Each structure stands twice: as C-alpha cells, then as structure tokens.
Amino acid sequence: MEPIYLTIALDTPLDRLFDYRWEPSPDNPLPQVGQIALVPFGRQEMAGLILAVHSQTDVPADKIKSVLAVRHQCPALDARWIALCQFAANYYQRPIGEVAIPALPKNLRVPKPTSLDRNLKKLAKLALAKLDSVEPSSPPDLNREQHQAVETITSKSGFAPYLLHGVTGSGKTEVYLQTAARMLARQEQSQVLILVPEINLTPQLEGNIRQRFPGLQVATLHSGMAEGERLLHWLSSHTGQARIILGTRLAILSSLPHLQLIIIDEEHDPSYKQQEGLRYSARDLAVWRAHQLGIPVVLGSATPSLETWQHSKAGRYIKLELQERAVQAAVLPIVKIINTEREKPSEGLTQRLISAIRLRLEKGEQSLLFLNRRGYAPVIHCDACGWMSNCTRCTAHLVMHKLDKKLRCHHCGWEQRIPRACPTCGNVDLQALGRGTQRLEEGLQAIFPEARVFRIDADSTRLKGSAEAAFDTVHRGDVDILIGTQMVAKGHDFKNLTLVAALNPDSALFSQDFRASERLFAQLMQVAGRAGRAGQKEGGNPSEVLIQTRYPDHPLYHALMHHNYQGFADDLLEERQQAAMPPFIYQALLRAEAKELETAILFLKEAAHCTAHHGITINDPIPMTMTRVHNVDRAQLLVESNSRPALQAFLREWLADLRAIKTRVKWGVEIDPVDI
DNA sequence: AGCACGCCGACT
DNA sequence: GTCGGCGTGCTC
C-alpha cells in the first residue's frame, strides 16, 4: 500500500504546518482530520492536530518523518472546532498549532498516553457521584423583565447577541438558568456554555446549577483543576455527555459539539482577556463562536464594557434591561461621597466612616472595607536621606509585609527582610508610607478592639481552597468588619452586610490607561452591590456605600452616587469618539523587551520604519509604564486604524517583515490590547 | 520557542 | 585539559 501523508499543526511559533508519513497497515484505522497524533519534532516528541490527510507531499523524502502514534481513543475534533481555532489564530496572528494544542488537556498531549479507556469509564461515575450529592430545587417565579428576557432570547432562532443589562440583585443569574433550561429542554443533546470571570469565586453559581438541573451532567473547566480531573471534564464536553459547561475564559476554546447557547456573566470583567501567550478575548471569541454556530450569546453585566455598550447602542446587540431588583424588598444602596480634603482621615478612616462602622457593630451587621492594595504599606522611606524601598529588578517599590517581616516586589517576586536601618545612611527610623490591607486591619482592630476584623486578599488566601473557607467565615456571620481587595468585589452575596466603604480609589482617575476609569466604575458598582443583597430588614435603613475621595466632584463618583451607569458610559463613549479611541477605532500593540531599554526602542523604531499604509497610524515607540520587570526593559508601539480588516491586513504583512529582522529582542504583537 | 552545534575564556 | 558563555541554525 502507498504511504499516507498527514498535515499536522504543532505548538510551535513557526508559522507553518508539518507533513508526516503514516504507514498503512491492516491493524491501524486510517487517521482522520481532527485526530491527535504524536510525532517526532526536532529532538522532541510532540502532540499535533491532524489538519489534512493526503497521498502526496512536497516535503523531500530525506526530511519527512513518520507519525509515532495516532490517539484513536479520543474522538476527532470536529471541523467547527478547528475553524474556531483557525479564526483565533488568524485574528490574533499566531500559528494555529499555538491555539489548538494548548486548548487540549495536557493528558492528551503528553507522549505517554494516559489510559483514556479507564477515564471514559470514569465519566459515567462522575455524573452519578454529582447526582447523589445535591438536593434538587425548582425555579422561582420571574418578574416581568426577567420573563421577557428569557422569552426574547429563546423565541428567536439563529445567531443573536444579547446584552443583559441589570444591576446587582436584578436577577441576571435566574435569567441565565431559565434560558439555559429552555434551550436544554428543546433538544435531546444540546449543550450550554456558561462563562464566569473566576470560577473559584462562584461556587454559589455551580451549586445553583447542580440543584436546578439534577438530571444533567455538568462539566467545569478552569485552570485550577488537576490534570486528571481536567481531562475528564474536557472529555465529557467533547463527547457531548456534559450538557452544561461552567468555566473560565479557557472554556471558550473547549470542544462542544452540540453547543446551543453561550452565556457570559460579568462580560466586562478584565479576566476574560488572556494576558499571556495567545492574548485572546474569551468574550469576543464567544460572540464569534455563536455567530459561527448560529446560536444566541448572552452578555450579562451591571456595567457593560464600552465595546458591548456601543454595540448595543448601534443595534448590533439586542439590549435586555433588568431595572427592577428581583429580590422583593431589596433597594439600591445609598451612595455617599466623603471629601477627605475636608475630613482628614486617621488610620485611613474618616470620622464619618468610623461612626458608620460603629453603628453596624451596634446593630450586629457587617461592614466591608474595599482597599485595592495588599500588604502593609506600598513602600518604606527614610526621612533622613530620602531612600525608598525600590526593587532593584523592577520599576516598582518593594511592598512592606509586616506579618512576615518582609519587603516584597509584587512584580518579580523578590523578597528580603525589612531592614532595621536605612541601607544608605543608617537611620533606624524608617517610615511606612501609604496603607495596604494589613495596615488597615491593624488600625481597625485598634479602633474597635472587640470587633471581629477579617481580611481577604491574595496573601490571606494563598493556600488552595482557603479563599472559599474565608468567604464561608463571612457568610456564617463570624466576621464584623471585612477588609478586602478586588477579590471581595466578585460574585459573593453577603446577606448581613449593610455598609460598604471604598478607601482611596482615586489613583485610577488619573491613570495613563484610558480604560482605568471604566474599570474603576465597574469595580465600585460591583463592590457596592455586595451590600444588602438579601433585602431590607424589618424597619432597617437602606444599605450605605461610602466613598472616601479627594475628588468629590469627579463625574465618576457622581454617576456612582446616582447609580447612573448609562450616563457615565454615554459620556465616556462621547469622549472616546471625540478622541478617536476604542471602541471607535481598533488597536494593536507591538511590544519589545531587552536587557537595555534602548535596544527595545531601537527595534521598535526599525519596525515603525516601514512603508506607509493607508488608514494605518503607527505611533512612536514608548517605554511601558512599568518599564523594567525582573531586569528586563520593555517598550511598546501602538498601531491604530478605524478599519479592523485594514489593520488585520497590515499586521499580516508587517509581522512577516518583522520576522525577517535579525534581532535578539524578544517581541510580540497583541491585538485589541486592554492594558495600555 | 526549544534545542542542538560551535567556537573562545576561567576553573579543578 | 574541561565547563560553559550565548551566536547561529533548524525543526516535516
């Protein structure tokens, strides 16, 4: 028999495919497109995705190698999944292998195949185990708006993108669940994908889903899972056994052959953007995938991204408003602004805030203080000579961590003991400047010695599973005052919480990043939404949100005071349009890093010095805001266009030219960057 | 990107 | 005499 040649995509930055020989034999079934093959590559062995099977090849006979094995145990990935990877590869300007291969569970990629047969048997057990442990619950009645949202989404057929816009407590989750229920009931094998920003912070949602759909298999997909477990859940999605798939951004690249609905909760959340490797937007890929499959996609948020908001204003997305709070007695919290120029804080707390906390303590209610800065103090300083605790490897301060007596760089991980005296002049009186969550905790405990003060941040929840335990402590009511970073803003309903305070959120107002205020608004709205979610207590006052700021007249805080997302978003959009910024134009970023900043800048200058392209703006190279991280200097070059296709076409050509430049600079391009 | 090969400087 | 620095070249 004639040999067969397989065209295979591999996880390598080389922008081409590789042909391998496959020897036919009566024992081995013919390989198929979409199957995974194990091949020799250079001196390594790798797993690749079969993209074509043919009887000929252009590769010279002395170069071609043979396939080591084909993973017949894993059913082939279908053409639509491959098309998704191909789209992402083209759009983000990377080879398809760099998209497709990392999207597969590791156990399918390692040279020694794990026993898939055993795992497939395990799948059935997994489903049963989950069924035993839940108590089924029935769906609550929907209010008029929720009902209409479910009706609208389920009445149309074909591709339709929806923006489900509703404040915290308006019952978006219930719309997700009942929409999912209808789609699942409609077809024997249908699957629903639900994306959440961070799965570890939403155990409640997973619980709800399992209770509401007791007969159905639920798969979860996120980066915190063990490889064996990951394989099981991925396979259950891939084989169609899992009907509901709950996952983080990486789940958008999973194989879902019977997908009928995609839901993206908190669609504005920055964690939908992958920030390393293939820098994809799970939200954008979700919309593309829904379009490809001709199915609805629901983007839910109280504070939609300006991209999504603009789509809905332009009529490209269908807007569904939830304005009533679904929980009967729940009312919006009262937002008050405290001017810290007039009321000077001590220990970071104004007198008004301290009184508000005291009132909650007396009533046995909880308070939440939001301070987005972990550690004790962001820097220490010598008054005598001006020395500051700077990281020698990064353009950043070493943060003081008092509990473990360390100075720590939050960017490169460097740590050292807190010096007893100033390293340059010997002064023993070093000052902690500024305030992190640890210092706030210390101050609060001093003011309220009897109160149970509790801190939740990346430091207090470093151990696996400890975040969930920490949240449980708060839910149980074992906490009076909760201090937290952005970790506490997401997902959790605190039933006894009636006071939320934001300390010192001002820095984002003047950030270089034009998206900083959009993010701050979303974050404050979200954290404000933690208060009083279970409804008003008998005879109680509405929950309160206090913002301590030096800029009490800033429009962002005024919008927040009036719960006016729409006004805020419309104003920002107006500004963005005037200034020709996203979402009205499209951007790509060329980043370069080298030992010396000058080397990186020079590379970017050379890159910028290309033939002019109509409709493309190439800006000047600039050092990144945080120039040096871990002894590497970084610079970037922004490319803009008002036409997405024009930008794409330019990038394709440009990157080919850049690859030809002989350089030691490490560089890469990011499409639709969100952190500038 | 890995991973080799290859040709020049300081070590047991 | 070797270990190892990173320049250059290749991966079906």
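All values derive from a computational prediction rather than experimental measurement. Throughout, protein chains are lettered first and strands after them, A, B, ... in sequence-line order, and every chain is numbered starting at 1.
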Practice prompt. Report the distance from atom CG of A:Leu49 to atom P of C:dC12, rounded to the nearest whole Å.
Written response: 18 Å

Worksheet item: Which part of the nucleic acid, if any, lies within reach of A:Pro40 when heavy atoms closer than 4.0 Å are counted: base, sugar-phosphate only, or nothing?
Response: sugar-phosphate

Worksheet entry | Selected nucleotide, minimal atom distance to A:Asp19 side chain, candidates C:dT11, C:dC12, B:dC3 | C:dC12

Practice prompt. Check the pair A:Gln275, A:Arg279 against side-chain hydrogen bond (donor to acceptor under 3.5 Å, both in side chains), reporting the backbone distance first and the verdict last.
Written response: CA-CA 5 Å; A:Gln275 286 297 12; A:Arg279 295 182 169 231; 3.1 Å; yes

Response to the item:
Side-chain contact check for A:Lys666: nearest option of B:dA1, B:dG2, C:dC12 is B:dA1

Discussion item. Expressed as a whole number of angstroms, how long is the span from A:Glu45:CD to C:dC12:C1'?
Written reply: 15 Å

Practice prompt. Apply side chain to side chain donor-acceptor pair (under 3.5 Å) to A:Arg249 and list each qualifying residue two or more places apart in sequence or on a separate chain.
Written response: A:Gln274

Worksheet item: Within this structure, what is the CZ-to-P distance between A:Phe18 and B:dG2, rounded to whole angstrom?
Response: 14 Å

Discussion item. Considering every strand and a 4.0 Å limit on heavy-atom distances, what is the contact class for A:Arg16: base, sugar-phosphate, or nothing?
Written reply: base

Response to the item:
Atom CG of A:Asp11 and atom C1' of B:dC3 are separated, to the nearest Å, by 15 Å

Worksheet entry | Distance in angstrom units between A:Ile8 CD1 and C:dT11 P, rounded | 16 Å

Fill in: Any residue meeting side chain to side chain contact (heavy atoms under 4.5 Å, CB included) with A:Ile622, in chain and number order, not counting sequence neighbours
A:Gln636

Practice prompt. Please examine the side chains of A:Ser641 and A:Tyr586, heavy atoms only from C-beta on, and report whether any two atoms are closer than 4.5 Å.
Written response: no

Discussion item. Run the ring-ring contact (aromatic ring centres under 6.0 Å, His included) test on A:His222 and A:His233 for me, step by step, so that the C-alpha distance in whole Å, both residues' side-chain angles and the decisive distance to 0.1 Å come before the verdict.
Written reply: CA-CA 10 Å; A:His222 59 92; A:His233 287 254; 8.7 Å; no

Worksheet item: Would you say the ring centroid of A:Tyr5 lies under 6.0 angstrom from that of A:Tyr20?
Response: no

Discussion item. Students often get this wrong, so: under 4.0 angstrom with heavy atoms, is A:Leu14 touching a base, only sugar-phosphate, or nothing?
Written reply: base

Worksheet item: When we call it a touch if two heavy atoms are under 4.0 Å apart, what does A:Phe41 touch: a base, just sugar-phosphate, or nothing?
Response: base

Worksheet entry | Separation of B:dA1 C1' from A:Leu10 CG (nearest whole Å) | 13 Å

Discussion item. Would you call the rings of A:Phe41 and A:Phe18 parallel, tilted or perpendicular, taking 30° and 60° as the class edges?
Written reply: perpendicular

Distances under 3.5 Å only, N/O to N/O: pair up the protein atoms with those of nucleotides 4-10 of chain C.
{"unit_1": "C:dT8", "atom_1": "OP2", "unit_2": "A:Lys662", "atom_2": "NZ", "d": "3.3"}

Discussion item. B:dC3, OP1 or OP2 - any side-chain N/O from A:Gln44 closer than 4.0 Å?
Written reply: yes

